[in-house]
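Below, chain A is the first sequence line, B the second, and so on; all start at residue 1.
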There are 2 protein chains.
Amino acid sequence: MQTVRKDIHNSDIPLLCQSCEARHQGICGSLTPEQLVAVSKSTRRVRRAPGEELMADAEPIASFANVLRGVVKLTKVLEDGRQQVVGLQFAPDLLGRPFATESRVSAEAASEVDLCLIPKSVLESMLTESAPLERRVMLQALRELDEARDWMVTLGRKSAAEKVASFLYLIATHIDPTDEGEVTTFDLPLSRADIGDFLGLTIETVSRQMTRLKADGVIEIHNYRHVTVPDLARLRLRCG
Amino acid sequence: MQTVRKDIHNSDIPLLCQSCEARHQGICGSLTPEQLVAVSKSTRRVRRAPGEELMADAEPIASFANVLRGVVKLTKVLEDGRQQVVGLQFAPDLLGRPFATESRVSAEAASEVDLCLIPKSVLESMLTESAPLERRVMLQALRELDEARDWMVTLGRKSAAEKVASFLYLIATHIDPTDEGEVTTFDLPLSRADIGDFLGLTIETVSRQMTRLKADGVIEIHNYRHVTVPDLARLRLRCG
DNA sequence: CGAGAAATTGACTCTCGTCAAGATGTGTGG
DNA sequence: CCACACATCTTGACGAGAGTCAATTTCTCG
């Protein structure tokens, strides 16, 4: 539950929202302080462990969620079990498909994630009332469409080596953590199996290509998950 | 140029819009007759031959366009020339990326197409004025996102045989022309090379898989482009 | 320290890409 | 109306890249 100022006429923004990423770059950035106070009564912060399912394919959607921390993977599966990761969501993305009665993907926490849940009905009525909010949501949809199309090129036309390099480059440029100059270090939010499902490859092929990149000095690998990229430009060259 | 009723206070819709597909299912369906009259002063109908470029990657966008007839392919290319088709647009889709200064894909007429051009500035200011229009555009973006993600599964996880079947199924269900019961007949809007670029395959592989489907009686091929599907359900089974 | 999961590595197979003819269809000019 | 040229598509032979199957190694966590 949210902690809100007693006086709702006070236009200060709710305490919890003040330090929230979504407040700034996320969809909440398009709301007035008053709207933020109103909506914060219906929202709820939750933490989810890696592997937890957040939304199931073909299931009715009860809530949307702002991703506040961590990485969420969106997947689709064929009848026979073949799986494809169709998108990754980072903070401060909005999770959930507006105006659909049911989800067309499943969403799963890839790392530990913090979410800010907002009931479907609340968000959808706010969309109708707030043009800036609707605009912001549309812009996210358009950005996701651009990303999906970029990834289609990777899936359709790149070699296994280029696919793995492209994935590492994507993560390196989206996590941007301890970056000292050109050196980038991060923890992969996905297992080898998930990376394979993202790239349309098998675990073994992903592993072999990672080993190769390591042997070529393009990346360093510590503990499977922890990766250092000494020179992003050099990794970029491997992306095809 | 549009033919418009002289009396702009008359709320009848413009003559050309009356018979227009976009007026009904397309984005113009969200406009009032008055708005339609206003916008029709800026629009222009054009015809484009197959192969003509409609919009170039990384080029500034001057106009949007409603697709009124035919098929438009959206493509991306890698530096070394490898190409990927990232989307197909049918009537009454809106062509062009709102709120981007430049296109991130190239658009090319796949068949002969009729377009209704509308200047970028006109559409964008209308988007701000008309919430129903903005809603309609957002819904199209969300639908395209769903389609892109469906296609990512095809690109990443299906065999060549399943890819070709999936493509034929897509076309058969989007062109829906002379359909007598379950029998569907149509002209492929794409060459073998384009189909290969859509599926992440070579022309040779596309050709071999088509031959196989023909040999198995799933499709009939006349004159390369003209295809008959006697039983859509049977084709569906081949899609994986 | 030991058990189990996750990742790596190796040997082999098979699908799909490459290269090279050959076939089919379309359009032009005599 | 036919002959020729050019595009597009099909077919075949071959090889490379990624998948499959099976150990083996490395990490994580009781």
For this session: Inspect the contact between B/D114 and B/R47 and indicate whether a charged nitrogen and a carboxylate oxygen are less than 4.0 angstrom apart.
Result: yes
In plain terms, say whether A/D146 and B/R104 are close enough for a salt bridge, that is, a side-chain N and a carboxylate O under 4.0 Å apart. yes
Can you check the [X] [atom1] to [N] [atom2] distance for me, whole Å?
X: A/R192; N: D/dT25; atom1: CZ; atom2: P; result: 19 Å
X: B/L155; N: D/dA18; atom1: CG; atom2: P; result: 16 Å
X: A/L190; N: C/dA6; atom1: CG; atom2: P; result: 13 Å
X: A/I219; N: C/dA7; atom1: CD1; atom2: P; result: 14 Å
X: B/L188; N: D/dC9; atom1: CG; atom2: C1'; result: 13 Å
X: B/R212; N: D/dT10; atom1: CZ; atom2: C1'; result: 16 Å
X: A/K214; N: C/dT8; atom1: NZ; atom2: C1'; result: 9 Å
X: A/H222; N: D/dT28; atom1: NE2; atom2: P; result: 13 Å

Which of D/dC9, D/dT11, C/dT9 is nearest the side chain of B/T211? It is D/dT11
Just the table, please: protein N/O against nucleotides 4-7 of chain D N/O, every pair under 3.5 Å.
none

The complete set of salt bridge (charged side-chain N to carboxylate O under 4.0 Å, His left out) pairs with one or both residues in residues 226-240 of chain B, sequence neighbours excluded, reads B/D216-B/R238
What I want to check is whether the side chains of A/S40 and A/T43 have a donor and an acceptor closer together than 3.5 Å.
no
Contacts of B/D197 meeting side-chain hydrogen bond (donor to acceptor under 3.5 Å, both in side chains) (sequence neighbours excluded), chain-then-number -> A/R157
Contacts of A/D93 meeting side-chain hydrogen bond (donor to acceptor under 3.5 Å, both in side chains) (sequence neighbours excluded), chain-then-number -> A/R143
Between B/E112 and B/R69, is the salt bridge (charged side-chain N to carboxylate O under 4.0 Å, His left out) condition met? List the steps.
CA-CA 8 Å; B/E112 186 176 84; B/R69 188 179 63 88; 2.9 Å; yes
Computed from five pairs at either end and rounded to 10 degrees, the angle between the axes of the helix from C/dC1-D/dG30 to C/dA23-D/dT8 is 40°
Taken to the nearest 0.5 Å, the spacing of B/F167 CZ from B/L190 CG works out to 5.0 Å
Separation between CZ (A/R97) and OG (A/S103), nearest 0.5 Å, reads 9.5 Å
query: After noting the C-alpha distance and the side-chain angles of A/R149 and B/K76, does the key distance pass the side-chain contact (heavy atoms from CB on, under 4.5 Å) rule?
result: CA-CA 8 Å; A/R149 286 176 172 164; B/K76 280 173 168 282; 4.0 Å; yes
Per-nucleotide protein contact along nucleotides 12-26 of chain C, 5' to 3', at a 4.0 Å heavy-atom cut-off (B base, S sugar-phosphate only, - neither), is ----SSBB----BS-
Between B/G240 and B/E162 the two heavy atoms that sit nearest each other are CA-OE2, 3.5 Å
With syn meaning chi within 90° of zero and anything else anti, the base of D/dA7 is syn
